[in-house]
Each structure stands twice: as C-alpha cells, then as structure tokens.
Participant: 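Take this structure, written in structure tokens, and hold onto it; I'll ask about it next.
Atoms considered below: every heavy atom in the structure, side chains included; atoms not considered: hydrogens, waters and symmetry mates.
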Amino acid sequence: MSVEVVMDIIDYLTDHYGTLPEVTSAVDSYGVWCVPMVNPDGVDAVFTFDQDWRKNTLDNDGSGTRTAGDGVD
C-alpha cells in the first residue's frame, strides 16, 4: 500500500502545481523527495516465495538459498 500512497502524493502535487496556491508554495519552498520503494528485493520475495517476508534478501549464511535466517530487517 505504501507505494500507491506515494504515487498518489506525486500525482496530487503534479496535478495541482500551478493551480492550488498551497501546493505551488510547498513545492517551490521545500525539497520534495518521493521514494515509493526502498526494499524492492523484499517485495519480490513476498510475491515469489513467502507472503510474510519483511526483510531484504541478503544471503546472511552464504548458502546460496533464501532461508528464514537470511535478510536484514
């Protein structure tokens, strides 16, 4: 859900820049950084092998396979 929220914020800011004074002022006054995803390998893990995965996929033990002990939270 977090990716969709960030993308909606980007849409809101770009759609309303120049038409809503508070949006235009905020964009002009601040550095706005939108980072939709910071753990793409963890997201891939959720969709490919473990829907409860919440870490990245670093192979901590060097076994070459992903196990429950792998990853950094």
Side-chain angles (χ1 to χ4, degrees):
M1 209 48 218
S2 59
V3 173
E4 289 83 5
V5 170
V6 174
M7 298 307 290
D8 285 345
I9 291 169
I10 292 168
D11 285 342
Y12 183 83
L13 293 175
T14 56
D15 289 348
H16 295 95
Y17 182 82
T19 57
L20 290 179
E22 60 272 15
V23 172
T24 304
S25 176
V27 172
D28 288 346
S29 299
Y30 301 101
V32 180
W33 290 74
C34 298
V35 183
M37 184 180 301
V38 295
N39 186 11
D41 57 333
V43 171
D44 180 62
V46 168
F47 289 106
T48 58
F49 75 90
D50 184 350
Q51 69 180 12
D52 295 323
W53 193 264
R54 62 186 180 109
K55 305 176 280 186
N56 69 15
T57 56
L58 180 68
D59 186 10
N60 293 340
D61 59 8
S63 66
T65 60
R66 285 181 249 180
T67 61
D70 286 338
V72 177
D73 194 3

Participant: Per the side-chain hydrogen bond (donor to acceptor under 3.5 Å, both in side chains) rule, what does the pair list look like for residues 38-52, sequence neighbours excluded?
Facilitator: Asp41-Thr57
Participant: So, for Pro36 and Met7, which heavy atoms are closest and what is the spacing to 0.1 Å?
Facilitator: CG-SD, 3.9 Å
Participant: If the test is side chain to side chain contact (heavy atoms under 4.5 Å, CB included), which one of Ile9, Asp15, Leu13 qualifies with Asp11?
Facilitator: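 Running side chain to side chain contact (heavy atoms under 4.5 Å, CB included) over Ile9, Asp15, Leu13 with Asp11 returns exactly one hit, Asp15.
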Participant: Scan residues 25-34 for pairs that pass side-chain hydrogen bond (donor to acceptor under 3.5 Å, both in side chains), counting only residues two or more places apart or in two chains.
Facilitator: Tyr17-Asp28
Participant: Can you list everything that forms a side chain to side chain contact (heavy atoms under 4.5 Å, CB included) with Asn60? Sequence neighbours excluded, please.
Facilitator: Leu58, Asp70, Val72
Participant: Mind checking what makes side chain to side chain contact (heavy atoms under 4.5 Å, CB included) contact with Leu20, not counting sequence neighbours?
Facilitator: Tyr12, His16, Glu22, Val23
Participant: Who pairs with Asp61 by side-chain hydrogen bond (donor to acceptor under 3.5 Å, both in side chains), at least two apart in sequence or on another chain?
Facilitator: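 Scan of Asp61 (side-chain hydrogen bond (donor to acceptor under 3.5 Å, both in side chains), adjacent residues dropped) gives Ser63.
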Participant: Among all residues two or more places apart in sequence or in another chain, which pass the side chain to side chain contact (heavy atoms under 4.5 Å, CB included) test with Thr14?
Facilitator: Ile10
Participant: Spell out, yes or no, whether Val6 and Val43 are grouped together once hydrophobic residues are joined by side-chain heavy atoms under 4.5 Å, including indirect joins.
Facilitator: yes
Participant: Taking the hydrophobic residues Ile, Leu, Val, Met, Phe, Trp and Tyr, and joining any pair whose side-chain heavy atoms are under 4.5 Å apart, which ones share a cluster with Val38?
Facilitator: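 So far as hydrophobic clustering goes, Val38 is joined with Val35.
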Participant: What residues form a side chain to side chain contact (heavy atoms under 4.5 Å, CB included) with Phe49, not counting sequence neighbours?
Facilitator: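 In terms of side chain to side chain contact (heavy atoms under 4.5 Å, CB included), with neighbours along the sequence ignored, Phe49 is linked to Ala45, Trp53, Arg66.
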